[in-house]
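In what follows, every heavy atom counts, from backbone to side chain, and hydrogens, waters and symmetry copies are set aside. Throughout, residue positions are numbered sequentially from 1 according to the sequence presented.
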Amino acid sequence: MKIKYLTKQAILKFIDAALKEDIGDGDHSTLAAIPEELQQEAKLLIKSDGVIAGLQLAEWIFKRFDAELEVDLLKEDGDIVSEGEIGLIVKGKARSILSTERLVLNCMQRMSGIATYTRDLADMIKHTHAKLLDTRKTGPNFRICEKWAVSIGGGENHRFGLYDMVMLKDNHVDYAGGIKEAVKRTKKYLAEKDKDLKIEVETRNLDEVKDALEAGGVDVIMLDNMLPSAMREAIQLIGGKCKTEASGGITEKNIKEMAETGVDYISVGALTHSYTSLDISLKAVK
C-alpha cells in the first residue's frame, strides 16, 4: 500500500529529529560503560497480545544510526501477535543497540497500541460499507507514525494536515456567518489559488445538512454528534449527492450502530489519543 506521506525523506527527517532529541551530545551511560567494539544482539520481546506495528520503522531507525547493524524481522507490520513472541532480532555494536533502544520502543509500543485499537474497531464494522478514519488529534511531530499505525491496523487516513483538504468545522461556519457563506468563500478561494482540494463541511443538525446541500460543491458532509435516528434521516436527505461522515463521541460501544445507519465514513479521534500502548521490550541476548 503506497501512502503519500510515507516518503523516505519524511521518515528520515523524523528519525533524525527523534535521535537528536534523545541522544543530544552523546549517550553517556553507554559510552561510559560499554566497550566501543563489543558486538552483541538483542530480541524484541512482545509481552502482550495485539497487532504489531512499527517493525519496518524500527529497522530504519537501527540502520539510520548504524548502517552495520543487522536486523532480522521475524514478524510483519499488521500481524496479530501473542505474549512471548519475538518481533525482531538486531545484531551488531552493543553501543548502537543501546542508544537506539528507547526510540524503537517508544515508536513501536505506541504504533502497536494504535494498530490494535484500530483493528478492534474496524472488525466491529466490517459487515457494513463504512470505513474507519483517523483524525488530526495526534501528538505533535509524531503524526506520521500514528497515521501509519492506523493504516497498518486496517483503518484509513483522513487528511494529513490543514493543507491537503478543506474541512469547514463548526467554528469556521460560525465565524463565516453560516455554512453557505463559508462554502461560497471557500470555492472562490480555491479557484483563485488554483487548488484542487476536496471540501468537507461539519453539520450539527438537519437544517445545516440542508444548507450544505444547497451550497453545492461539497464532497463530504460530516454528521457531528448526531443520534443514529437523526443520522439515518440526514443520510436519506443527502441521497448519495456526496459522501457522509459520522463523528463525535464514537466508541466501541456505539460504533456498530453508527455504521449500520449507512454512513460512508466514521472518524474516531480516540484511535490516536486514547489507545493503550502495547507492552514490548528489547532484551539483551546473553
Side-chain angles (χ1 to χ4, degrees), residues 1-3 5-8 10-16 18-19 22-23 27 30 34 37-123 126 134 139 142 144-157 271-272 275-286:
M1 177 172 55
K2 187 174 178 59
I3 303 174
Y5 61 83
L6 283 179
T7 64
K8 183 177 181 180
I11 293 294
L12 294 182
K13 182 179 179 182
F14 163 74
I15 293 172
D16 289 345
L19 287 171
D22 199 32
I23 296 174
D27 172 8
T30 296
I34 305 301
E37 297 304 323
L38 180 65
Q39 300 286 307
Q40 290 290 351
E41 66 178 273
K43 60 184 180 181
L44 189 83
L45 178 62
I46 298 159
K47 300 166 73 175
S48 56
D49 300 345
V51 176
I52 196 74
L55 286 165
Q56 185 178 354
L57 176 60
E59 182 176 16
W60 288 346
I61 292 169
F62 285 130
K63 293 284 191 179
R64 183 65 169 175
F65 186 79
D66 182 350
E68 294 183 0
L69 285 176
E70 297 177 19
V71 183
D72 184 13
L73 300 181
L74 305 181
K75 299 289 182 181
E76 294 184 359
D77 285 329
D79 283 351
I80 296 175
V81 294
S82 301
E83 180 181 357
E85 292 190 281
I86 307 299
L88 64 79
I89 295 175
V90 57
K91 301 177 182 179
K93 284 187 177 181
R95 284 186 173 185
S96 297
I97 294 172
L98 289 167
S99 293
T100 51
E101 172 186 359
R102 179 44 52 196
L103 177 56
V104 166
L105 291 176
N106 282 346
C107 292
M108 287 203 64
Q109 288 169 339
R110 289 162 173 77
M111 289 180 69
S112 297
I114 291 169
T116 300
Y117 189 35
T118 300
R119 181 72 58 84
D120 289 344
L121 292 188
D123 283 348
K126 64 183 179 181
D134 55 23
F142 197 57
I144 191 169
C145 297
E146 292 176 316
K147 283 187 171 281
W148 189 2
V150 168
S151 67
I152 290 171
E156 294 188 6
N157 298 140
L271 292 179
T272 54
Y275 59 91
T276 299
S277 294
L278 206 67
D279 194 1
I280 303 171
S281 63
L282 193 68
K283 293 296 184 182
V285 176
K286 299 180 181 180

Item to complete: Say whether, by atom type as modelled, one donor and one acceptor occur between the side chain of R119 and the main chain of G50 under 3.5 angstrom.
Response: no
Discussion item. Closer than 3.5 angstrom, by distance alone: can the side chain of S48 be matched with the main-chain N or O of D279 as a donor-acceptor pair?
Written reply: yes
Discussion item. Tell me which one of T272, N157, T118 satisfies side chain to side chain donor-acceptor pair (under 3.5 Å) with D134.
Written reply: N157
Do [X] and [Y] make a side-chain contact, defined as non-hydrogen atoms from C-beta onward lying under 4.5 Å apart?
X: V104; Y: V90; result: no
X: L105; Y: L44; result: yes
X: L6; Y: W148; result: yes
X: L55; Y: M108; result: yes
X: L103; Y: I23; result: no
X: M111; Y: I114; result: no
X: L57; Y: I15; result: yes
X: K93; Y: Q39; result: yes

Worksheet entry | Test side chain to side chain contact (heavy atoms under 4.5 Å, CB included) applied to I52 and V81, T116, I80, the passing residue | V81
Worksheet item: Should the heavy atoms of other residues, nucleotides or ligands under 6.0 Å from NZ of K43 be counted, would the total exceed 12?
Response: no
